[in-house]
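In what follows, chains carry the letters A, B, and so on, assigned in the order in which the sequence lines appear, proteins first and then strands, with residues in each chain numbered from 1.
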Protein chains: 2
Amino acid sequence: MKEGPDIALIGSLIGDPARANMLTALTGGKALTATELAGTAGITLQTASSHLSKLEAGGLIAQRKQGRHRYFTLADDDVGLMIEGLMGFAAYRGFTRHRTGPKDPALRKARVCYNHLAGDYGVRMLDSLIAEEVVSGAGDTLHLTASGADKMTALGIDLAALTRSRRPVCRACLDWSERRSHLAGSLGQALLTLFVDKGWARREPDSRAIRFTSTGEKEFAKLFPPPAPPPVALRHEHAIHA
Amino acid sequence: MKEGPDIALIGSLIGDPARANMLTALTGGKALTATELAGTAGITLQTASSHLSKLEAGGLIAQRKQGRHRYFTLADDDVGLMIEGLMGFAAYRGFTRHRTGPKDPALRKARVCYNHLAGDYGVRMLDSLIAEEVVSGAGDTLHLTASGADKMTALGIDLAALTRSRRPVCRACLDWSERRSHLAGSLGQALLTLFVDKGWARREPDSRAIRFTSTGEKEFAKLFPPPAPPPVALRHEHAIHA
DNA sequence: GAGATGCTTCGATCACGATCGAAGTATGAA
DNA sequence: TTCATACTTCGATCGTGATCGAAGCATCTC
């Protein structure tokens with residue numbers, strides 16, 4: 001009866017369409033102002049302000065003042081993972097808002113999930129990282145291997161900086177379009193940042209979609225080759241799993 | 001704006017305290033009647049009926065008639081995983097209903113998560129299964145190994161029956177008390193059933209808690225030994241991860 | 001300073017949905 | 001048949017919360 005965590009509180013926060021729209025927008029990773037969020041939610045600034053203060057009180061978002069603007073972001077990675085998880089559930093049930101639109105294929109191919117790469121490319125990247133033994137682990141507890149650490153450093157990623165924060169370096173995040181895991185955590189974020197910094201990929205202006213350049217595609221394929229097909233002995237597992 | 005899955009729908013379903021209570025009760029795995037659910041939610045039968053039809057329309061629960069009773073269960077494993085995920089998020093944020101009660105330690109030790117074992121014991125079981133290479137995989141895509149299949153068959157689990165259904169055999173489920181994965185899927189269910197059938201464990205009457213008998217404890221420890229401490233070379237990973 | 005922009009707070013409206021009483025339907029028991 | 005139990009449907013009430021207009025506060029520009 002009265003045991004366990006209170007999911008109703010979170011449910012009610014997400015349950016309002018306007019708030020859900022704002023949260024979805026923030027899942028794009030960019031910090032947005034109250035006015036922008038009001039726009040995407042289709043409500044006036046006053047109502048948006050009310051919603052935002054509720055979301056903040058509930059610990060789902062955070063704000064930082066900058067001049068006369070207030071920039072809102074998701075509170076932390078956990079919120080992003082939780083929302084992405086709900087999206088996966090909703091998508092699988094066919095609960096979509098407005099029928100899969102024209103942007104949909106692009107989103108399914110590659111998109112931002114709060115701060116890391118998601119979609120087909122995100123899943124393929126994690127598959128490859130595991131096959132190459134850069135990352136190992138099972139369940140959603142992933143960790144970087146010693147050899148993986150070297151590879152990442154060679155790529156130009158500052159591992160010391162990643163480990164300095166309290167956030168986990170590796171984390172599995174359930175992809176709503178692929179229904180499989182992709183890499184989250186500070187390493188996931190660093191890799192996406194790397195792609196953008198190198199000019200391999202860039203974010204579409206008003207969407208979560210990520211567009212890879214032609215050289216980006218090549219570099220991505222080189223860096224993250226698809227895992228080799230399993231040996232015959234292992235084929236058996238697939239039969240069992242299917 | 002109008003792209004992506006609709007999380008507000010699900011949020012609003014879960015957002016009502018009465019419905020959240022019912023769903024939490026159903027996470028116990030037992031099929032419950034409308035009257036029982038009304039009781040746990042603290043509402044009259046009429047209101048409960050209204051809520052239940054909404055939950056069913058939303059695809060979160062299923063009912064089956066049996067005489068003049070109607071037994072309700074969660075619609076499928078996905079719903080259980082989704083709710084357990086939300087609980088994990090809520091618990092981590094300190095959103096508990098009524099302060100961690102006296103039953104809490106028992107729940108954290110071992111409990112039912114819809115149809116499989118969760119809590120400390122659930123997490124330890126999966127850890128051991130992975131260390132013993134019964135189950136492998138990363139992210140939340142787990143699968144049974146060939147040698148693991150033999151071990152499970154030796155335990156008396158009918159793998160053919162498990163693979164006959166469309167449900168995945170192995171699945172990772174995020175544990176809300178441990179914040180790590182435990183084993184879900186039809187194998188997870190079969191293992192819990194095995195424990196109960198063998199008299200090693202039994203469910204507490206009106207709780208999600210699972211009580212292990214003294215012989216059950218011993219058998220569990222024998223079957224699922226804790227993983228060996230990682231070799232020195234791997235310690236490095238922990239430093240990075242922490 | 002005056003004006004503009006970004007946002008919050010107040011207050012009033014309004015609609016939706018949670019709630020329950022009462023009546024209706026289905027199944028089982030006597 | 002009659003009564004009891006399990007549940008649904010209908011209808012009315014009522015409260016909460018979403019919404020926006022108007023006013024207030026803060027910050028930047030000129």
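- With respect to the salt-bridge test (charged N to carboxylate O, under 4.0 angstrom), the residues Asp77(B) and Arg167(B) qualify.
- Each of Arg70(B) and Gly67(A) has a nearest nucleotide on DNA chain D; the 5'-most of these lies closest to Arg70(B).
- Between the CE atom of Met22(A) and the P atom of dC7(C) there is a distance of 11 Å, rounded to whole Å.
- The phosphate of dT19(D) has neither OP1 nor OP2 within less than 4.0 Å of any side-chain N or O from Thr47(A).
- Nearest nucleotide to the Asp16(A) side chain, out of dA18(D), dC20(C), dC7(D): dA18(D).
- Of the listed nucleotides (dT19(D), dT8(D), dC20(D)), dT19(D) has the atom at the smallest distance from the side chain of His51(A).
- Rounded to whole angstrom, the span from the CG atom of Leu37(A) across to the P atom of dG6(C) amounts to 14 Å.
- Considering only the side chain of Arg68(B), dT27(C) comes nearest among dT27(C), dC20(C), dC7(C).
- The pair Glu217(B)-Lys109(B) meets the salt-bridge criterion, with a side-chain N (NZ, NE, NH1 or NH2) lying under 4.0 Å from an Asp/Glu carboxylate O.
- For Lys65(A) and dC7(C), the shortest distance from a side-chain N or O to OP1 or OP2 is not below 4.0 Å.
- Summarising the geometry, the separation between OH on Tyr71(A) and C1' on dC7(C) is reported as 13 Å, rounded to the nearest angstrom.
- The CG atom of Asn21(B) sits 10 Å away from the P atom of dT19(C) (whole-angstrom rounding).
- Between the CD atom of Gln46(A) and the P atom of dG24(D) there is a distance of 15 Å, rounded to whole Å.
- Position along DNA chain C of the nearest nucleotide to His69(A) versus Thr44(B) favours His69(A) as the more 5'-ward residue.
- Ser53(B) comes within 4.0 angstrom of nothing in the nucleic acid, heavy atoms only.
- As a whole-Å value, the separation of Ile14(A) CD1 from dA18(D) P is 14 Å.
- Among the nucleotides dC7(C), dT19(C), dT19(D), the one closest to any side-chain atom of Leu45(A) is dC7(C).
- For the pair Leu52(B) CG and dA18(C) P, the computed distance is 12 Å after rounding to whole Å.
- When each of Gln189(B), Arg171(B), His182(B) is paired with His116(B), the side-chain hydrogen bond (donor to acceptor under 3.5 Å, both in side chains) condition holds for His182(B) and for no other.
- Rounded to whole Å, atom C1' of dC7(C) lies 15 Å from atom CD of Gln66(A).
- Tested against Asp175(A), the residues Arg111(A), Arg124(A), Arg108(A) include a single salt bridge (Lys or Arg N to Asp or Glu O under 4.0 Å) partner, Arg111(A).
- Of the listed nucleotides (dA22(D), dT19(C), dT19(D)), dT19(D) has the atom at the smallest distance from the side chain of Ser50(A).
- Taking only side-chain atoms of Thr35(A), from C-beta outward, the nucleotide of dT19(C), dC7(D), dC7(C) with the closest atom is dC7(C).
- Residue Phe212(A) qualifies as enclosed at atom CZ: its count of foreign heavy atoms under 6.0 Å is above 12.
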